A.B. asks: 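Before we start, here is the structure in question, set down as structure tokens.
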There are 2 protein chains.
Amino acid sequence: MNLSVNINDFLKLNEVKSSFQRIKIYEYIAENKNHPTVNTIFDELVKQIPTLSKMTVYNTLKLFREKNIIQEISIEDNELRYDANVKTHGHFKCRKCGEIFDFEYNNSEIVFTEINNYKIEETQLFIKGICSNCFTMNK
Amino acid sequence: MNLSVNINDFLKLNEVKSSFQRIKIYEYIAENKNHPTVNTIFDELVKQIPTLSKMTVYNTLKLFREKNIIQEISIEDNELRYDANVKTHGHFKCRKCGEIFDFEYNNSEIVFTEINNYKIEETQLFIKGICSNCFTMNK
DNA sequence: GTTTTTAATTATAATTATTATAATTTTGTA
DNA sequence: TACAAAATTATAATAATTATAATTAAAAAC
Ligand SMILES: [Mn+2]
Ligand SMILES: [Mn+2]
Ligand SMILES: [Zn+2]
Ligand SMILES: [Zn+2]
């Protein structure tokens with residue numbers, strides 16, 4: 001079974017015209033689940049695709065966002081990161097190792113009195129601190 | 001009563017050496033509560049202080065952050081914004097008018113099973129959507 | 001299956017944001 | 001006032017992003 005074929009269908013299903021570059025970019029984000037930046041995506045893929053242009057990465061990410069098949073997260077420092085998991089979930093960034101961990105939380109448990117008549121379209125919960133790996137290592 | 005005098009004391013209390021520029025920058029963020037970007041702060045203050053350098057704004061914001069008298073919020077688009085309210089609180093950005101609203105929420109009500117042994121240092125909750133002003137105007 | 005049309009990718013240039021460095025000015029202290 | 005230290009400013013360098021045009025690839029028409 002070839003994953004690229006599945007991604008090809010997935011893109012078409014979401015009104016994204018498929019191409020070799022687009023499949024590879026989506027594949028990278030979806031498989032690695034590492035919340036990569038534009039530069040990470042480019043640097044990793046240019047190894048496989050030497051002709052790849054960073055412009056294509058920018059354009060493709062913009063298109064994927066418009067079609068809602070990826071989400072953009074700006075956890076800190078002006079560094080935008082991308083995630084193929086578009087469901088609402090939380091992100092934890094470790095100050096030591098820099099890794100970003102996903103976590104689930106119950107959105108409905110948060111009570112908003114001040115903005116209860118506002119139309120909510122997107123929710124982002126970011127937590128920064130030290131992950132358990134780095135915490136135990138320091139002892 | 002002169003607010004600048006109070007800010008002067010406040011800065012000293014927080015181990016920040018006071019200066020005319022630093023007082024004006026803190027004053028702008030604290031009084032306007034508009035979560036300004038570097039450019040907003042510079043553009044507004046350069047009207048009063050024609051010799052002001054953007055470098056000073058960058059340096060001062062970095063210093064204020066280190067001393068924890070402001071917080072940096074990166075709600076979207078690679079645009080960093082600054083807030084003199086350093087207590088944990090949520091931010092709502094309206095897609096129509098662009099304004100950012102503060103709201104309170106009870107952090108303890110959110111249950112994190114996956115990261116329950118992680119050391120939490122900072123929490124940011126961002127919500128995007130349409131504010132009630134813009135929502136009623138569109139009807 | 002070749003030609004034509006359209007769209008995507010690439011290469012390049014332009015713009016913007018940020019950081020680094022050195023010169024100048026200000027502030028505090030003797 | 002004179003000196004030393006720090007902050008501010010001016011300028012240059014770097015990095016990130018966007019815009020534009022040329023090239024290549026894909027799709028549609030014939
Ligand atoms: Mn995620
Ligand atoms: Mn706020
Ligand atoms: Zn870690
Ligand atoms: Zn609004």
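Predicted model only: the values in this text are computed from it and were never measured. Worth knowing before you read on, the calculation uses all heavy atoms, side chains too, and leaves out hydrogens, waters and symmetry mates. Note on naming: letters A, B, ... go to the chains in the order of the sequence lines (proteins, then strands), and numbering restarts at 1 for each one.
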A.B. asks: What do the steps show when you test I120(A) against I130(B) for side chain to side chain contact (heavy atoms under 4.5 Å, CB included), and what is the final call?
C.D. replies: CA-CA 7 Å; I120(A) 290 175; I130(B) 300 177; over 6 Å; no
A.B. asks: Less than 6.0 angstrom separating the ring centers of F92(B) and Y118(A), yes or no?
C.D. replies: yes
A.B. asks: What is the distance, rounded to the nearest whole Å, between atom CZ of F42(B) and atom C1' of dT8(D)?
C.D. replies: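 One finds 12 Å between C1' of dT8(D) and CZ of F42(B), rounded.
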A.B. asks: What are the residues of residues 49-66 of chain B, sorted by number, that bring a heavy atom to within less than 4.0 Å of DNA chain D?
C.D. replies: T51(B), L52(B), S53(B), M55(B), T56(B)
A.B. asks: Does R81(B) pair with E72(B) as a salt bridge, N-O distance under 4.0 Å?
C.D. replies: no
A.B. asks: Find every protein N or O atom lying less than 3.5 Å from an N or O atom of nucleotides 25-30 of chain C, and list the pairs.
C.D. replies:
none

A.B. asks: According to the interplanar angle, ranging from 0 to 90°, do the rings of H89(A) and H35(A) count as parallel (below 30°), tilted (30 to 60°) or perpendicular (above 60°)?
C.D. replies: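 Tilted.
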A.B. asks: Could you tell me the separation between the CD1 atom of I25(A) and the P atom of dA8(C), rounded to a whole number of Å?
C.D. replies: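 Rounding to the nearest Å, CD1 of I25(A) and P of dA8(C) are 13 Å apart.
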A.B. asks: Just how far, in rounded Å, is C1' of dT17(D) from OH of Y82(A)?
C.D. replies: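 Checked: the OH to C1' distance equals 11 Å.
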A.B. asks: Could you state the CG-C1' distance from L80(B) to dT19(C), rounded to the nearest angstrom?
C.D. replies: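 That distance rounds to 14 Å.
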A.B. asks: Under 4.0 Å between a side-chain nitrogen and a carboxylate oxygen: does that hold for K93(A) and E79(A)?
C.D. replies: yes
A.B. asks: Check step by step if side chain to side chain donor-acceptor pair (under 3.5 Å) holds for N34(A) and Y28(A).
C.D. replies: CA-CA 9 Å; N34(A) 55 349; Y28(A) 181 82; 3.1 Å; yes
A.B. asks: Quick one: Y26(A) OH to dA8(C) P, roughly how many Å, whole number?
C.D. replies: 19 Å
A.B. asks: Return no unless some side-chain N or O of Q21(A) is found under 4.0 Å from OP1 or OP2 of dA25(D).
C.D. replies: no
A.B. asks: Should the pair K54(A) and F42(A) be classed as cation-pi, given the thresholds of under 6.0 Å to the six-membered ring centre and 45° from the axis?
C.D. replies: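 Judged by the rule, K54(A) and F42(A) form a cation-pi pair.
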A.B. asks: Could you check how far CG of L45(A) sits from P of dT9(C), rounded to whole Å?
C.D. replies: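 Rounding to the nearest Å, CG of L45(A) and P of dT9(C) are 13 Å apart.
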A.B. asks: dT18(C) P sits how many Å from E79(B) CD, rounded?
C.D. replies: 10 Å
A.B. asks: Does the distance from a Lys or Arg side-chain N to an Asp or Glu carboxylate O, for E121(B) and K119(B), drop under 4.0 Å?
C.D. replies: yes
A.B. asks: Between Q124(B) and E76(A), do the side chains contain a donor N or O and an acceptor N or O under 3.5 Å apart?
C.D. replies: no
